[in-house]
Undergrad: 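Structure provided below as structure tokens; questions to follow.
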Amino acid sequence: QVQLVESGGGLVQAGGSLRLSCAASGRTFSSYAVGWFRQAPGKEREFVAVISWSGGSTYYPDSVKGRFTISRDNAKNTVYLQMNSLKPEDTAVYYCAAKNYGLGYHVDDYDYWGQGTQVTVSS
């Protein structure tokens, strides 16, 4: 079992930056791939980024590619999402999630979820 807690959300203006953190419990967290998802009001939860347990592989959808960067520090049991050039359409609740075995790109691929942190981008 993995426990996940997100932090770092807040209100920023369009074009600004924000870094989210996902802190995990357990010494075996480094064995899991970790992804970020977001959900805006009235919309389905969508994939944002994923990183392998080693940190050697990452993947992003076109909607955030070139603007967002996922990274991890296994010694701190923490995964980060650096968000630059933020747009109003990035406004959502952001969730981190964990899975074992390989990368995943869909909600149903993940076994553990945090409570989420609100990101609001004003125009």
Side-chain angles (χ1 to χ4, degrees):
Q1 187 176 8
V2 177
Q3 308 291 327
L4 305 172
V5 180
E6 302 95 336
S7 63
L11 175 65
V12 298
Q13 294 194 9
S17 298
L18 203 61
R19 188 170 84 155
L20 306 183
S21 297
C22 175
S25 65
R27 295 183 300 178
T28 61
F29 182 64
S30 61
S31 299
Y32 291 80
V34 176
W36 285 94
F37 292 77
R38 66 188 182 187
Q39 188 165 22
K43 303 187 71 174
E44 295 183 351
R45 193 168 299 187
E46 67 171 328
F47 169 73
V48 174
V50 63
I51 188 167
S52 64
W53 66 268
S54 68
S57 297
T58 59
Y59 183 80
Y60 310 89
D62 289 342
S63 58
V64 306
K65 190 176 300 181
R67 300 189 299 121
F68 291 10
T69 302
I70 188 171
S71 62
R72 70 189 301 166
D73 185 341
N74 288 340
K76 297 181 179 179
N77 289 327
T78 301
V79 173
Y80 306 96
L81 184 68
Q82 179 67 45
M83 305 185 294
N84 299 325
S85 301
L86 284 163
K87 306 174 181 179
E89 52 261 46
D90 295 319
T91 295
V93 176
Y94 283 71
Y95 301 88
C96 65
K99 67 181 296 292
N100 55 8
Y101 309 118
L103 302 183
Y105 315 108
H106 307 283
V107 169
D108 291 346
D109 293 331
Y110 288 80
D111 304 301
Y112 307 102
W113 294 84
Q115 288 294 113
T117 185
Q118 177 71 47
V119 172
T120 302
V121 184
S122 63
S123 61

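Values below: all heavy atoms of this structure, side chains included; hydrogens, waters and symmetry mates excluded.
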Undergrad: Suppose the criterion is salt bridge (Lys or Arg N to Asp or Glu O under 4.0 Å): which pairs have a residue in residues 96-113, not counting sequence neighbours?
TA: none
Undergrad: Linking I/L/V/M/F/W/Y whenever their side-chain heavy atoms sit closer than 4.5 Å, directly or via other members, would Y80 and V50 fall into one cluster?
TA: no
Undergrad: Got a sec, which residues hit ring-ring contact (aromatic ring centres under 6.0 Å, His included) with F68, two or more places apart in sequence or on another chain?
TA: none
Undergrad: Of all residues at least two apart in sequence or in a different chain, which pass the side chain to side chain donor-acceptor pair (under 3.5 Å) check with Q3?
TA: none
Undergrad: What disulfide (SG to SG under 2.5 Å) pairs are there with at least one residue in residues 45-123, not counting sequence neighbours?
TA: C22-C96
Undergrad: Considering only heavy atoms from C-beta outward, does the side chain of Y94 approach that of E6 to under 4.5 Å?
TA: no
Undergrad: Which pairs pass disulfide (SG to SG under 2.5 Å) with one or both residues in residues 56-89, sequence neighbours excluded?
TA: none
Undergrad: Can you name the residues that form a salt bridge (charged side-chain N to carboxylate O under 4.0 Å, His left out) with R45, not counting sequence neighbours?
TA: none
Undergrad: Going by ring-ring contact (aromatic ring centres under 6.0 Å, His included), name the residues that satisfy it together with F37, two or more places apart in sequence or in a different chain.
TA: F47, Y110, W113
Undergrad: Taking C-beta and beyond as the side chain, do N100 and W53 meet within less than 4.5 Å on heavy atoms?
TA: no
Undergrad: Determine whether L4 and Y95 make a side-chain contact, defined as any pair of heavy atoms from C-beta on separated by less than 4.5 Å.
TA: no
Undergrad: Enumerate the salt bridge (Lys or Arg N to Asp or Glu O under 4.0 Å) contacts for residues 30-43, please, sequence neighbours excluded, ordered by first and then second residue.
TA: R38-E46, R38-D90
Undergrad: What are the two closest non-hydrogen atoms of T78 and S21, and how far apart are they?
TA: CG2-CB, 4.3 Å
Undergrad: S57: which residues meet the side chain to side chain donor-acceptor pair (under 3.5 Å) condition with it, sequence neighbours left out?
TA: none
Undergrad: On a heavy-atom basis, which atom in V119 and which in G9 lie closest, and how many Å separate them?
TA: CG2-CA, 4.2 Å
Undergrad: Considering only heavy atoms from C-beta outward, does the side chain of Q118 approach that of T91 to under 4.5 Å?
TA: yes
Undergrad: Please table the atom pairs, donor to acceptor, closer than 3.5 Å between any side-chain atom in residues 81-89 and protein atoms at least two apart or in another chain.
TA:
unit_1: Q82; atom_1: NE2; unit_2: N84; atom_2: OD1; d: 3.0
unit_1: N84; atom_1: OD1; unit_2: S17; atom_2: OG; d: 2.9

Undergrad: Only one of W36, Y60, Y59 forms a ring pair (Phe, Tyr, Trp, His ring centres under 6.0 Å) with Y105, so which one is it?
TA: Y59
Undergrad: Taking all non-hydrogen atoms of both residues into account, name the closest pair between G102 and A33 and its distance.
TA: O-CB, 3.4 Å
Undergrad: Do V34 and V93 sit in one hydrophobic cluster, given that two such residues count as connected whenever their side-chain heavy atoms are within less than 4.5 Å of each other, even indirectly?
TA: no
Undergrad: Please list, chain by chain and in numerical order, all residues satisfying side chain to side chain donor-acceptor pair (under 3.5 Å) with S52, sequence neighbours excluded.
TA: S54
Undergrad: Under the salt bridge (charged side-chain N to carboxylate O under 4.0 Å, His left out) rule, collect the residues that match up with K65, sequence neighbours excluded.
TA: D62
Undergrad: If I compare all heavy atoms of V79 with all of R72, which pair ends up nearest, and what's the gap?
TA: CG2-CB, 3.7 Å
